[in-house]
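Have a look at the structure below, then the notes.
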Amino acid sequence: MISAEKIPNNVNLSGNKRLQRALEHWQPKYIQWWRDMGPQGFQDYHQVYVRTAVSVDPEGWAHFEYVKLPEYRWGIFLADPVHDRRIGFGDFYGQPVWQEVPGEFRNQLRRLIVTQGDTEPASVEQQRLLGHRCPSLYDLRNLFQVNVEEGRHLWAMVYLLHSYFGRDGRDEAEELLERQSGNRDKPRILDAFNEPIDNWLDFFMFTMFTDRDGKSQLMSLSESSLDPLSRTTRFMLTEEAHHMFVGETGISRILERTCQLMKEAGYSGDVRKVGGIDLATIQKHLNQWFSLSLDLHGGEVSSNAASYFANGLKGRAKEDSYDEHVAKQSYYNMEFFEQGRTVTKEVLLRNAMNEVLRDWYVGDCAAGVTRWNRILEAHGMSDRLQLPDRKFNRRIGMYAGFHFDPAGVAITKEEWDRRQFDWLPSPKDTEYLLSIMAAPIYEPGKFANYIAPPRRGVNQQPIDFEYVRTEQ
Ligand code: BYC
């Protein structure tokens, strides 16, 4: 079981007084950050029915209770150790995993952990105003569940920084609370985490596509030779699954409602006239968040990725499923864009590791889109949602600086400027979304007009359960 200390944990924190003191020193700064940058207007007078981890076994990590958000028990939880775990890939394949950080890989590991850590508070900051536009109490509770768990993921990375990186790690932990999403002078590290999320269509697409990058990156870090990093990220993955559930079912419910409204509007009618979200707008938001999340996998050809793999720091998702784990003499066929056309060339597999992970990611996203399309099919619609080509709207990697349409056809800058809002959300689309989300729905069991209710409630509670209680 997790200890009932000031900082709940399963890492025997009280046995390491120095570390405990350092983390207890960071804790009030974290709480201050949460109050300043966390869900605005929901800090003091709201009780939220959230899941809190009380142990890492299957029964214990899903304990439900009402809490005020700043009183959530953020803690440090590592998945159980694997007996005699061995390094699973790279130049040190087969050797015992590390319980300490090797000096020669200290900078690289710190950089990976800081980059991962930076995304967690960033997402909370991006979503901090959404509570004022929520489509229901059920959705409001889900938003806060995602937010508190992203906060816990920050704790997970800060624990590693404090435990294994000395003074540098402590400084990095402070800076994780100082950078701010969208801040011009001190932005978050990765681009997608500086984009605003001010409406619920963006939120659901973000949790579907960007949290899924979280899944692919955490899967690759859970292969790491640094055992505490592997164990930390393995436990984070259990929480990540719920975030993607929120995104996928959120969009499913919007699609369901859009189909109903289209029928009511007589199919040919504009669904916006009856307050729904049209499929074109849904597709544009899908295009936006999928392409931003492709960027999060880094450049196609990357010496950083090669070095992370060679040194055993970051593997492939499901490394076990590959036949060969050293990848020294292997090649990967990659599409390059040269002189206006795409050509396929061989790249050393180690240099293509970002692309290998992106392949896994695209496959996982495609399966989700297929599930969405079943809803359209069930309603007899001929329209389908689709993933844009991976060259579309890229700002990182070898396609950045060129222009492609969603089918992956190269176009001129002039055509892009003329047509970009056919493919990406326009200011008018955002204005429309904000207009239908202007009034939050706080009445139990009620849902905004543009979204269908969920199939079932949280933790076997009814759909009209009071998931967020307001104190009088
Ligand atoms: N934005 O070799 P390259 C999550 C930089 S999400 C801005 O191509 P590399 C979550 C790069 O830093 C998962 N800059 O890339 C989801 C480098 O800079 P320098 C987060 C970018 O290093 C939802 C240069 O471009 N976890 O958990 O192989 C809610 C060339 O780099 C970007 C991780 O990311 C970008 N998108 O790969 C909450 C895992 N991409 O050296 C949470 C840890 C690249 O020239 N991070 N650059 O200054 C990594 O493994 C790697 O840093 C990356 C980049 C995969 C992100």
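When a ligand or atom number is given, it counts from 1 through the structure's own listing order.
- Evaluation of the ring pair (Phe, Tyr, Trp, His ring centres under 6.0 Å) test over residues 345-370, restricted to residues two or more places apart or in two chains, returns H297-Y361.
- In this structure, ligand 1 sits under 4.0 Å from heavy atoms belonging to R111, L112, T115, Q116, T119, E120, S123, E150, I189, L190, D191, F193, F206, T210, D211, D213, G214, Q217, D295, L296, H297, G298, G299, S302, N304, A305, K314, N354, I396.
- Under the 3.5 Å distance criterion, with hydrogens and angles disregarded, no donor-acceptor pair is assigned to the side chains of N9 and Y159.
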Using a 3.5 Å cut-off and no angle test, enumerate the donor-acceptor pairs between side-chain atoms of residues 98-106 and protein atoms at least two apart in sequence or in another chain.
residue	atom	partner	partner atom	Å
Q99	NE2	D227	OD2	3.3
R106	NH2	F165	O	3.0

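- Using a 4.0 Å cut-off between charged side-chain N and carboxylate O, R170 and E174 make no salt bridge.
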Could you list the donor-acceptor pairs under 3.5 angstrom formed between side-chain atoms of residues 120-128 and any protein atom two or more places apart in sequence or on another chain?
residue	atom	partner	partner atom	Å
E120	OE2	Q116	NE2	2.8
S123	OG	E120	O	2.9
E125	OE1	S181	N	2.7
E125	OE1	R188	NE	3.3
E125	OE2	W33	NE1	2.9
E125	OE2	R188	NH2	2.9
Q126	NE2	A192	O	2.9
Q126	NE2	E195	O	2.8
Q127	OE1	N147	ND2	2.9
R128	NE	M37	O	3.2
R128	NH2	D36	O	2.7

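- There is a side-chain donor-acceptor pair under 3.5 Å between D429 and S426.
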